[in-house]
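Below, read A as the first sequence line, B as the second, and so on, with proteins coming before strands; counting in each chain starts at 1.
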4 protein chains.
Amino acid sequence: MLAKRLPAPERRRQIAATALEILSTDGVRGLTARAIAERVGVKDGSLFRHFASKEAIVDAAIDAFEALMGETFPEPGQGPLAALAELFHRRVTLARARPELLRLALSDRLTEVAGARGAARVHAVVERSVTFIREQLTLARRQGLVRDDVPVEVLVWTVTGVLRGAAGTSHAPSLRRRAARFDPAGAWHSLELLLTQRTDGSSPETR
Amino acid sequence: MLAKRLPAPERRRQIAATALEILSTDGVRGLTARAIAERVGVKDGSLFRHFASKEAIVDAAIDAFEALMGETFPEPGQGPLAALAELFHRRVTLARARPELLRLALSDRLTEVAGARGAARVHAVVERSVTFIREQLTLARRQGLVRDDVPVEVLVWTVTGVLRGAAGTSHAPSLRRRAARFDPAGAWHSLELLLTQRTDGSSPETR
Amino acid sequence: MLAKRLPAPERRRQIAATALEILSTDGVRGLTARAIAERVGVKDGSLFRHFASKEAIVDAAIDAFEALMGETFPEPGQGPLAALAELFHRRVTLARARPELLRLALSDRLTEVAGARGAARVHAVVERSVTFIREQLTLARRQGLVRDDVPVEVLVWTVTGVLRGAAGTSHAPSLRRRAARFDPAGAWHSLELLLTQRTDGSSPETR
Amino acid sequence: MLAKRLPAPERRRQIAATALEILSTDGVRGLTARAIAERVGVKDGSLFRHFASKEAIVDAAIDAFEALMGETFPEPGQGPLAALAELFHRRVTLARARPELLRLALSDRLTEVAGARGAARVHAVVERSVTFIREQLTLARRQGLVRDDVPVEVLVWTVTGVLRGAAGTSHAPSLRRRAARFDPAGAWHSLELLLTQRTDGSSPETR
DNA sequence: AATGAATGAGGATTCATTCAT
DNA sequence: GATGAATGAATCCTCATTCAT
């Protein structure tokens, strides 16, 4: 269907991207060589001219996934809350643009089709986000920017929870529907309120 | 494992439970008739004396899943925050006892192997939890028990986020590891702090 | 469903008859141990208390078939045309009463499910009919009762053809429908006309 | 038999033909994917690169069957008796060349393995023959070419009976054996005698 | 760079049959 | 005499993968 005889690197990219897409829409069992080939406009056997195995395709898909997720990390050199705000904003924006992608991140489909090494890489991506969030929060705490009546880890959970909510990647239909009502800025503002209120009662605004 | 000749109802239960287990450990593609049968100590063809199809097995697994999740809903007739606390506590406890189960709830593996009807049932279970949380929070808000500077939906995200965190069902290894440090009570206490602080600065303790 | 705990010989008969019935209605592939057992009102395993194997069941079914077909052979000691008329009449009557049975005779379903020996037996039943017809016709010819411008074998074909037609056992729907319009007597009368007309032009009635 | 790597359309034809053959020799239960594949010289899974399902294979087999049977219908534009003679001749010739084929037509094996739609198609083929014969006979009768002392339908039965006999497709071994003694022309001549004699005693030859 | 025909290892499922109860 | 739970072999079919063209 699609253009034939593409240069190899482009084909590779196309195949990996397609795999990612199929995985997020049709799930683990929908990801067959035939399904990929069909969408790419190629016969299934031809996939293996570009990749040694299906696992290799998934591996490349993880590359793409890694890259997309990596782009959402903020520029260094700003305060921790600003950094978090930026990550939050980018992630939610990405989720709106490519809902399947983020859903994929939070499902375990990718890890299921990937080999052990691939699964580890996916986990690393997720881990990196969490670590980043934890670091910024720890930093912020040290700087007195976030509340100290609650362990940092709980704040991490809060951030990931609100992020997931605002991104609309939950499995609960109602969560998904309502997520659409929030723009990234509004959601972040609420999140900031949750994070910054201190036991002494001073609100972040009064700082 | 290799107990032979079990009474049928017991075998059914065993098969459904095993399917649930395999699904949470090995994933969608690991859930083969052979795999189930092997763990149960039976030949694969024998499964179909107990269930009409693999889908029927998954259906029964969803029954089990529904039942287990259903048990975590609190007794009615208490205040909204107490109700949430109880749900929280029960869920975290369940997650600790059967980590795979809760992970399953938050992944979409079950929905992937279930037919359309099965998927709807799983979604309903998840939805029910979210709805319950949202209802209690709305109630609590109306009673002035939770902060009003943040939309209820964000509080819902917060609760699910902290719940997920405390339950240790995340895909991020570090989140998982650290979750173990929190007992349900401590985690809930933190969550309550997040929820109840009001704009006027009064802390929940001073209530 | 049916009465339980039947005396063995009766059960045997019942099973064989049921097998015959299923075979004629549902065909070769419908004849499964389960299907038989179900209609008999027994669990499938129980069949093998009465028969050593499915083939043995089919064998017994052939017994029944043989018996039923055998009953349609006319009493000896009458003229050849009268004998043929009686066979014809009985066969058509049987076909009307139990259409599946005769259809079975002319299909090869029975031979398909029977082992080699069983198939031979079924063939023998069919053969016996044909032989009988051929013998009577040969006799009649010798006695100048049937036309001699046509080989006896062609007359055999005519008889079987008209018999099959009148019995309504053909696969052609229109043949089946129209067969119902003929009563055995009328059909035989026509057949007799076909058989008896002689080259000299004298009709059988003028004999 | 073991030719590998055939062009797809040829393989398709081969598979369909083989299915037809197996069906006529080994019967419904012999028609397994394995059996077909083996005779074709291919592994069973490979069949399904050429056909979507076994039913599709049978469907293609019916195509072949339809085509072969269709070829035996005579050219239009001749008198009814000549048309019948031609059909008769072609059918008997086909039966001699491919005995299994005609036997298949008269058994119900094909209808048993075909789905509902396939069965209907097979019936249509049979029906078409019968209808053709009936039409020609009706026409002939109107033209005074066939006897009028016997209902047309009985003549239809006679034709099909003699056809079946001459074709040697009966289940009775002796019928089969003797059929070989008749050449199509001789058999048709006899059949014509049966059909054309009139009540007034005039033989067809004296016409 | 791609196809077209094939394969082998499994996948779910059916079915005749066994045998302890 | 019958059941209830099991089995093993076979069935149709899918899928990743190969390789000659």
Side-chain angles (χ1 to χ4, degrees), chain A residues 3-8 10-11 29 31-37 40-57, chain B residues 3-12 29 31-37 40-57, chain C residues 3-8 10-11 29 31-37 40-57, chain D residues 3-12 29 31-37 40-57:
Chain A
K4 306 211 161 181
R5 226 150 219 286
L6 246 57
E10 198 156 337
R11 224 6 140 213
R29 293 215 310 219
L31 188 71
T32 69
R34 251 185 83 162
I36 300 172
V40 164
V42 141
K43 290 290 187 290
D44 52 357
S46 304
L47 294 182
F48 298 92
R49 300 227 117 225
H50 298 282
F51 292 96
S53 67
K54 196 177 130 182
E55 203 179 316
I57 295 178
Chain B
K4 303 213 161 182
R5 273 195 95 68
L6 248 57
E10 200 158 333
R11 204 43 117 199
R12 278 183 65 92
R29 292 212 314 212
L31 190 73
T32 69
R34 264 275 296 270
I36 301 172
V40 163
V42 149
K43 293 290 188 259
D44 53 357
S46 302
L47 296 181
F48 298 93
R49 285 241 142 206
H50 298 283
F51 291 95
S53 65
K54 197 178 128 183
E55 201 177 319
I57 295 179
Chain C
K4 305 213 162 182
R5 224 147 221 288
L6 246 57
E10 197 155 337
R11 216 20 133 206
R29 294 218 307 221
L31 189 72
T32 69
R34 251 186 85 161
I36 301 171
V40 164
V42 141
K43 290 289 188 286
D44 52 357
S46 304
L47 295 181
F48 298 92
R49 299 227 118 226
H50 297 282
F51 293 95
S53 66
K54 196 177 129 182
E55 202 179 317
I57 295 177
Chain D
K4 304 214 161 181
R5 271 196 94 69
L6 248 56
E10 201 157 332
R11 204 43 118 200
R12 278 183 66 92
R29 291 212 313 208
L31 188 72
T32 68
R34 263 267 299 269
I36 300 172
V40 163
V42 148
K43 294 289 187 259
D44 55 355
S46 301
L47 296 181
F48 299 94
R49 284 241 143 203
H50 297 282
F51 292 95
S53 65
K54 198 179 129 182
E55 201 178 316
I57 295 178

Measure the spacing between [atom1] of [X] and [atom2] of [Y] and express it to the nearest 0.5 Å.
X: Arg11(C); Y: Arg5(C); atom1: CZ; atom2: CZ; value: 10.5 Å
X: Leu31(D); Y: Arg29(C); atom1: CG; atom2: CZ; value: 8.0 Å
X: Thr32(B); Y: Lys54(B); atom1: OG1; atom2: NZ; value: 7.0 Å
X: Leu47(B); Y: Ile36(B); atom1: CG; atom2: CD1; value: 6.0 Å

Take atom [atom1] of [X] and atom [atom2] of [N], then tell me their distance rounded to the nearest Å.
X: Arg29(C); N: dT14(E); atom1: CZ; atom2: P; result: 13 Å
X: Leu47(A); N: dT3(E); atom1: CG; atom2: C1'; result: 12 Å
X: Arg12(D); N: dA6(E); atom1: CZ; atom2: C1'; result: 17 Å
X: Leu6(D); N: dA20(F); atom1: CG; atom2: C1'; result: 15 Å
X: Lys54(B); N: dT13(E); atom1: NZ; atom2: P; result: 8 Å
X: Phe48(D); N: dC12(F); atom1: CZ; atom2: C1'; result: 5 Å
X: Phe51(B); N: dT14(E); atom1: CZ; atom2: P; result: 15 Å
X: Asp44(C); N: dT7(F); atom1: CG; atom2: P; result: 15 Å

State whether the distance check finds a donor on one side and an acceptor on the other, under 3.5 Å, for side chain Arg5(D) versus base dA6(E). no

How do Arg34(D) and Gly45(D) order along DNA chain F: which one's closest nucleotide is nearer the 5' end? Arg34(D)

Taking the nucleotide of DNA chain E with the nearest heavy atom to each, does Arg49(A) or Glu55(C) sit closer to the 5' end? Arg49(A)

Side chain of Ala8(A): nearest nucleotide among dG8(E), dT7(F), dA1(E)? dA1(E)

Closest to side chain of His50(D), choosing from dA6(F), dT17(F), dA6(E): dA6(E)

Looking across every strand, which nucleic acid part, if any, lies under 4.0 Å from [X] by heavy atom: base, sugar-phosphate, or nothing?
X: Pro7(D); value: sugar-phosphate
X: Leu31(B); value: sugar-phosphate
X: Ile36(A); value: nothing

Parsed dot-bracket for DNA chain F after applying the Watson-Crick and G-U rules with both distances under 3.5 Å and | for other-strand partners is .||||||||||||||||||||

Is a side-chain donor or acceptor of Arg12(D) paired with a backbone partner of His50(D) at a separation under 3.5 angstrom? yes

Looking at every heavy atom in both Val42(A) and Ser46(A), which two are closest together, and how far apart are they? CG1-CB, 3.3 Å

Check the phosphate of dT3(E) against Ser46(A), side-chain N and O only, distance under 4.0 Å to OP1 or OP2. Yes or no? yes

